[in-house]
Structures are given as C-alpha cells and as structure tokens.
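Okay, so here's the structure we're looking at.
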Number of protein chains: 2
Amino acid sequence: MYKGPASGFKLERESDYGSPAQNAAVAEIVSAVRSEGDAALLRYTEAFDRVRLDASQLRVTEAEIQAAYERVEPEFLDALRRAAANVTAFHEKQKRQSWIDVQPDGTMLGMSLRPLARVGLYVPGGKAAYPSSVLMNVLPAKVAGVPQIAMVTPPATGGREGIDPYILVAAAEAGVTEMYRVGGAQAVAALAYGTESIPAVDKICGPGNIYVALAKRAVFGAVDIDSIAGPSEIVVLADDGADARFVAADMLSQAEHDEMASAMLVTPSERLAREVEAELARQVATLPRREIAERSLEQYGAILTVSDLAEGIDVVNKLAPEHLEIMTEDPLELLGRIENAGAIFLGPYSSEPVGDYFAGPNHILPTNGTARFSSPLNVDDFVKKSSLIRYSREALRRDAAGIASLARHEGLEAHARAVEIRFKEGGDQ
Amino acid sequence: MYKGPASGFKLERESDYGSPAQNAAVAEIVSAVRSEGDAALLRYTEAFDRVRLDASQLRVTEAEIQAAYERVEPEFLDALRRAAANVTAFHEKQKRQSWIDVQPDGTMLGMSLRPLARVGLYVPGGKAAYPSSVLMNVLPAKVAGVPQIAMVTPPATGGREGIDPYILVAAAEAGVTEMYRVGGAQAVAALAYGTESIPAVDKICGPGNIYVALAKRAVFGAVDIDSIAGPSEIVVLADDGADARFVAADMLSQAEHDEMASAMLVTPSERLAREVEAELARQVATLPRREIAERSLEQYGAILTVSDLAEGIDVVNKLAPEHLEIMTEDPLELLGRIENAGAIFLGPYSSEPVGDYFAGPNHILPTNGTARFSSPLNVDDFVKKSSLIRYSREALRRDAAGIASLARHEGLEAHARAVEIRFKEGGDQ
C-alpha cells in the first residue's frame, strides 16, 4: 500500500484487452454461433460448462423459477423487494419525455424518445453472480419501457447444480422476460446474432470474465453494449473530524471485491492517516475474504496525504474514482468542485454499501478513471432518440437559398437541387 | 438497383474493421505517439502528409483564422451563421438540470450533471471536409458547456495549400478553442494521450478514413469516442400522392455522398415506383457527382413495393435507416409506429438537406441499422453524470438489516460490517 504525499502517487491499472489467443478463441466462437446457431451453443456448453443440453432445455422454465422462490429465505426476498422498489423509484426520476417545438410558420422540430425493443443481460456464474447486479441492470431498462429483457447465465459452474436460485428470483422480481442457461462468449454471440432458441437483442449488458468482455467488444456495432467493467475503486476524502473506523470499513468493502480493486484515502490529517492504517490492519484480520482484501490493499491501496482539502479535490478529480465518499465537516461545501466521480457519498452515514445495495442509485458505475466521460448506468442507456423535422412550404422557401449555398460549398449539388426542385414549375402546386 | 417486393430485399453492408495490416499500422502509430509525443506526430506528418513542420507550427494561429475569414464569401458566412443559430437553438432544448430528491428522514438522492472538460474533434482533409459537420459536432458540446474543444485536421491534402478556410471559419464560428494541423491515426493518438503541444481530451468526435476509425477504436477506453460512422442511408416511405420528382431528388441527395450510400423508396404505389425510377434516371444524368450516385444506386439503391403502408412501416423498422422521409397523405398518422430511424422528415417540404444543413437537429445520425439502439449526436453525449447519495443516521439505521442481508447473501461480509460498524459502541456517538 502506498502511504505518503498524494503528489507521488499514480494509480496504474491497464484494462485487459485479452491475449491474441483469447481474442482468436472468441472470434471463432462468435463466428460459429452466428453461422450454426443452437448447435454451436450446445456444443460449447458441453465443452466449457460440462453440461449436456438439448435446445429445448436452453430456456429456464416457469416451474424452475417457482422452485427457486421456495429455496430463498424470506428475509432475503423482503430485502430484495425493498431494494428493487428504491432502485425503481430513483430511476423513474430519470425518465424523459419526447418533445416538439412548433413554430408559427408551420415548422415542427423535436425529439422522439423510445425504449429499446429488446435487451440482453449477461449474468456470470459462480461467485461473481450478484442478485443486486441483476436488479441494477434490469430495472433501468424496465423503467425505460423495454418490453423484452432476456437473461443468459451459465447452466452450472463450480460443481453447483443448476442456476443459483437467488439469481433466478432477482431476475423474476426485476422483470426479466426470458432466461437461458448458456454462458461465455457463446451466450454473447447468441444475444447479438440470435439463434433458433434465443432471438437477437439490441443491446447487451452485464459483467463477465475476459471471454465475455472480449465477445462484447467483438459484437459491438451489430448491437450496442454497456461499458466493459474494469477494476473498481473507492476514494474517501476525509478531514480530521472523520471516524477512522468508518473510513477503514468502507475501504475494505471495496478491497474485498477482488485483488484488482483499489481503496484509497485522501486526507490532510496525519492523525486520520495513521489511524486508518491501523484500523485497516485490525478490521481486515477477521474478514472471510481477508486474502483478497489484503492483496488489493497491498497492490492498489493508498493513504494519500494532502496539504489541504483543495489539493484533495484536485487529487480526486485526477483519479476520477468510481465511488467517492466525502467525510468532511461540510461535504456540500466541496461537492460543487468535484468534477469526476461515478457516485458521490456525502457524510459519515453514507457508506458505500448503501449505494451498492439499497438507496436507489445504480451501482453500475464508470470504473478505472472513466468517470471523466462516463456515467452510472441509467434510463437513458435504454432509450433511443429520433430527430423530428417537419418543414412547411413557407419555411422551406425562406431557407432554400441558405441551404443551397451551404450544399454547393460542400460540392453536393444534388442536395441543393433537392430543395430547389420543390419550387420549380410542376413541383410547386 | 433492386426493384420489386420488399420481402425479397435485404440491405447488406458490413462495417469495415480494417485489415490486419491496417490495424497493426494503427497500433504502431498510436504507441509511438503515446511514448514519443510531438516528435512522432511531426515524423508521421512528414511521412503521410508530405508536410514538414516543427512543433511550434502545429497550432493554427489567430492570424491564419482571420485570413480564412477574408477568403470565404459573405453569403457562405451568412448561411453558416443562420444554420449555427438554428443548431444551437435546437440543442439548447436538450439540456437537462442536475436534480435532487430530499426526504424527511434526511436522505438526499440525486444526479449531478456536468459537461466534459475537454473534447477533441477530428476533421478529415480533402473533399470529406464539411463545414456543416464542424457545426454539428461542436455546437452540442458547446451547448453542453464543454469549456475546451480542440480540432485536429490534416495540414494539407490533395495538393491544397494549408487548411480549407471554410473549415477554419466554421470552427471559429462554432467555438472551437484550439486548432491543430495534424491528421490521421497520429492525430487521434495525440488527442487520446496528449503530447507536449496537444493536451489530452476526454472524448474524440468526428469522422475520418479507415485509419482514423481504427485509431478511435484503439484508444476507446482511455477516452470516450462518438460512434464510428458507417455508410449512410435514406428511406423514403411514400404513398400514391407523393411527387416522384421530390422523392427521386431526395434519394439522389443521399446517393451522391459516396458509393456505399444507400437510397431506398418503400411504397405501395406501383405508379410512384415506376415514376421514381424514371426520375432517378433523368435527374442523375446532370449531376456533377453522377458516377458516385449511379454506383450507389446500382449497388445499394432499392425501390421496394409493399402491399400497404403497414407493411411499409415494418420494412422501415427492419431497415432502421439513418434518414427516413415520410411522404404520405398524413405522416403524423404513421409516426407513432416508427420504431427505428435516426431522423424522421415529415411531409413533402421536409427534404433531407433541410436537416443536413439548416433546421437545427443534428446531422450526425446512427448509420447502417444502428438506429435500433443509437441516437443522433446530442447534448447528452457531452455530459457526464454522478449519482449523489446522502444518508442520514436515521435512514441508515432503518435500512441496515436489509443492506447487511443482501451483502451477506453475496458473500461480501465487509460490506455488511461497513454498515454495522456505524452502530457499534464507539462508532455511534
């Protein structure tokens, strides 16, 4: 873990674009699924997941979903439903309307907004299968009005039997309309190009391993994709009044995710820096995921001291963290100077897990410095816009010379003539 | 050109992902610029553009911009300014506010919206340098509030002297804050990673040749990019009342762009289909870009007959065209059934060039069927969002058990503890 002045620190974590062999494997899988459909899906599922299926078994049945409901604890379902209600309420506030602007000369200009017709969600197998991520991916699409949401997930991994019931219940609660037991690059290809059993979608969301990420890159263009999740970060910006136990606990909630995660404290307080270091050591010792958290702290953790909060803000804006917690005397005083952060948590009771699970804002956030230009997953990501243009004869006559002038300066004579023909003999009735 | 029932037609134009040699060349250029900065820029400029510069000459001077103003015709400048005013006014209507939702328990949730800090615009050299595209790229960023907008464009191509004065004037009018004479993959790399003379940006926009497109793909992630423009389309959906001369003229305004462009008519009227075919032949004969337009029509043009307008709408939604013109008796009657189109032009006086140049909506639109999931370039493309979360002690206490339950079901103990520590002895003051 780096400890010292912020000026000496730079967080360097390259994104993983895969090895040539991995890219070639993905290209082959995508091409096979595109040309062979279900047959390729079933072949790869047997090869990679060691599960033999026929095409009729790809889709998860209603009975299986009902069985999953009987396997999850009532308090889990209750918490999930409360979280889902909060996430839905927050995303409802992001919705926008189509609009038009009509003018006295008969011109109408506007934007028409529509939900995407069909979205696919990838849910990884094994330990990375998070019911909360199912909610966070599906509910914005649902709020946007997407009528068809198809989920794909590996049929079974790590010796488990079938698909995790918590995932099935979260998907059903969120409003997934179809679920398929297929994973890996082959599942991404099926969503992008369609097979006999799995109709193609317009956009693919959700995290996955390197093969899934490379497959998403490979099919981008044929369909839209969400951002490719990189390693995750938290920065805590805190002053001398902050409670070191809270700061350390929140840093560890990031560090336990995976070894590539980065947890950082930025503070002008030497006292806090020392105490947080001690608290990290104390708290990490009893964590079930101690090894992961320790490795994360060692490689990418940092306690950065700054001369004052103004320098701290500069450091934060350069890091552009996925999560930012501000634990200072008056967080709102600083908020307006934060340029780059995926989610901003204000004050001592806004611990990051509040946002990960419950409050309502999305936990799918720009990672690895991309908050400079990217945003949390939101309703806009599932809406497409069309411009609307209705010109009247009067308006076109008024603007015809200007349009023709610009067109001819660009050497596009047919553009000029398309306007002028409306006012030539026989075209001007 | 395909003529016949719509059911027998499929538009097939694969996107160009470049040859292995092109990708390798781009990777080398990007890597050299990233490590060597200006020196690599100047070396590639000499090799590819046959222009020898030193670093101090990279930036276009104020004097050159003033000289450009003296070289453009007053009526061009007047038309450009009127178009810019319309584009600005339309995009102003897209702006959104940050918002918060405060609750009686002290919870505050919201979204903070901010403009990107710095955007780069690529403007191609030669005949593909369109002043109107400079407006369409820059003005949405300007309206969004982006303070720094840097333009790059080749120093001179095709035997011209220096940069096209129309481009310089359009850039100055639109509000570009810096202009650099550098093009190709090397310019994209400079914008992405920065050099001594060109500070890095957060997002790169603008069209270019295959090397520019591949360079944008290569740097995506380090910076954001706009969509990679594919071949362009127009579909005219028209009934028996439409004027064949208007339809043909509008189709030709698309076909003259380039040989890959596609112009299509969809109509239930056999009479209109016949007349449009004749008009296309008549009108194309006198076009300066006749060869391009003829090649485009031959390869990708189509006159598609349908049994009725309902089938016509299905055809349009499958094609998901960049531009859609509806020339029917009552276009608004059909509008609500159009799912996929970049820009929709309603009625006989809404010729596509109105939107290309003048009305105000953006002419940078989703191409090649991507209107299924993409949108016209707009103000949102230059805004980043941050979620805001402020929980009170009371709210956290209320939700603690739910948060901890979800966290523990995902095996993330440190997440649960981060919440619980707030209410343990010593943490609960």
Side-chain angles (χ1 to χ4, degrees), chain A residues 15 75-76 79 82 90 109 116 130 132 202-203 221 224 245 249-250 252-253 256 287-288 341 343-347 349-351 353-355 357-361 372-373 375-376 384-393 396 399 402-403 405-407 409-410 413-415 417-419 421 427, chain B residues 15 75-76 79 82 90 109 116 130 132 202-203 221 224 245 249-250 252-253 256 287-288 341 343-347 349-351 353-355 357-361 372-373 375-376 384-393 396 399 402-403 405-407 409-410 413-415 417-419 421 427:
Chain A
S15 297
E75 95 272 7
F76 167 82
R82 286 164 59 209
F90 184 81
L109 303 175
L116 304 191
Y130 293 139
S132 59
D202 299 311
K203 179 165 189 163
D224 196 14
R245 295 178 317 137
D250 293 357
L252 287 171
S253 78
E256 78 168 339
L287 282 181
I344 304 173
F345 297 79
L346 301 162
Y349 293 99
S350 311
S351 175
V354 167
Y357 288 111
F358 218 81
R372 275 165 40 237
F373 48 78
S375 301
K384 62 201 172 194
K385 302 161 192 160
S386 301
S387 303
L388 302 178
I389 300 174
R390 192 267 176 194
Y391 248 48
S392 64
R393 191 170 169 280
L396 187 64
D399 292 344
I403 297 169
S405 165
L406 290 170
H409 272 98
E410 295 187 355
E413 177 67 20
H415 282 65
R417 291 189 191 174
V419 172
I421 200 170
Chain B
S15 297
E75 95 273 9
F76 166 83
R82 286 164 59 209
F90 184 81
L109 302 175
L116 303 192
Y130 293 140
S132 59
D202 298 312
K203 179 165 188 162
D224 196 15
R245 296 178 316 136
D250 293 356
L252 288 171
S253 77
E256 77 169 338
L287 283 181
I344 304 172
F345 298 78
L346 302 160
Y349 293 98
S350 311
S351 175
V354 167
Y357 288 110
F358 218 81
R372 275 165 40 236
F373 49 77
S375 302
K384 62 200 170 193
K385 302 161 192 158
S386 301
S387 302
L388 302 178
I389 299 174
R390 192 267 176 194
Y391 248 48
S392 64
R393 190 168 170 282
L396 187 64
D399 292 344
I403 297 169
S405 164
L406 290 170
H409 272 97
E410 295 186 354
E413 177 67 20
H415 283 63
R417 292 189 191 173
V419 173
I421 200 170

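Numbers restart at 1 for each chain; the letters A, B, ... are given by sequence-line order, proteins then strands.
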Please report the shortest heavy-atom distance between A/F373 and B/D202, naming the atom on each side.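 Taking every non-hydrogen atom into account, CD2-O, 3.2 Å.
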For the candidates [options], which exhibits the highest count of non-hydrogen atom pairs separated by less than 4.5 Å from chain B?
| options | value |
| --- | --- |
| A/H415, A/K384, A/R390 | A/H415 |
| A/G402, A/G221, A/S351, A/G347 | A/S351 |
| A/V419, A/L388, A/I403, A/L109 | A/I403 |
| A/A407, A/G355, A/A249 | A/A407 |
| A/A359, A/S132, A/S387 | A/S387 |

Quick check: does any side chain N or O of [X] sit under 3.5 Å from a backbone N or O of [Y], one acting as donor and the other as acceptor?
| X | Y | result |
| --- | --- | --- |
| A/E413 | B/P288 | no |
| A/S386 | B/A343 | no |
| A/S375 | B/K385 | yes |

Under a 4.5 Å cut-off applied to non-hydrogen side-chain atoms, are [X] and [Y] in contact?
| X | Y | result |
| --- | --- | --- |
| B/D224 | A/R372 | no |
| B/I389 | A/P361 | yes |
| B/Y391 | A/S350 | yes |

With a 4.5 angstrom heavy-atom cut-off, could you sort out which part of [X] is near chain A: side chain, backbone, both or neither?
| X | value |
| --- | --- |
| B/H409 | side chain |
| B/L396 | side chain |
| B/S405 | side chain |

Hey, which of B/A414, B/P376, B/A341, B/S392 has the most heavy atom pairs under 4.5 Å with chain A?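 That would be B/A414.
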Qualifying residue, where the test is side-chain contact (heavy atoms from CB on, under 4.5 Å) with A/R417 and the options are B/L287, B/D250, B/L252: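 By the side-chain contact (heavy atoms from CB on, under 4.5 Å) criterion, A/R417 pairs with just one of B/L287, B/D250, B/L252: B/L287.
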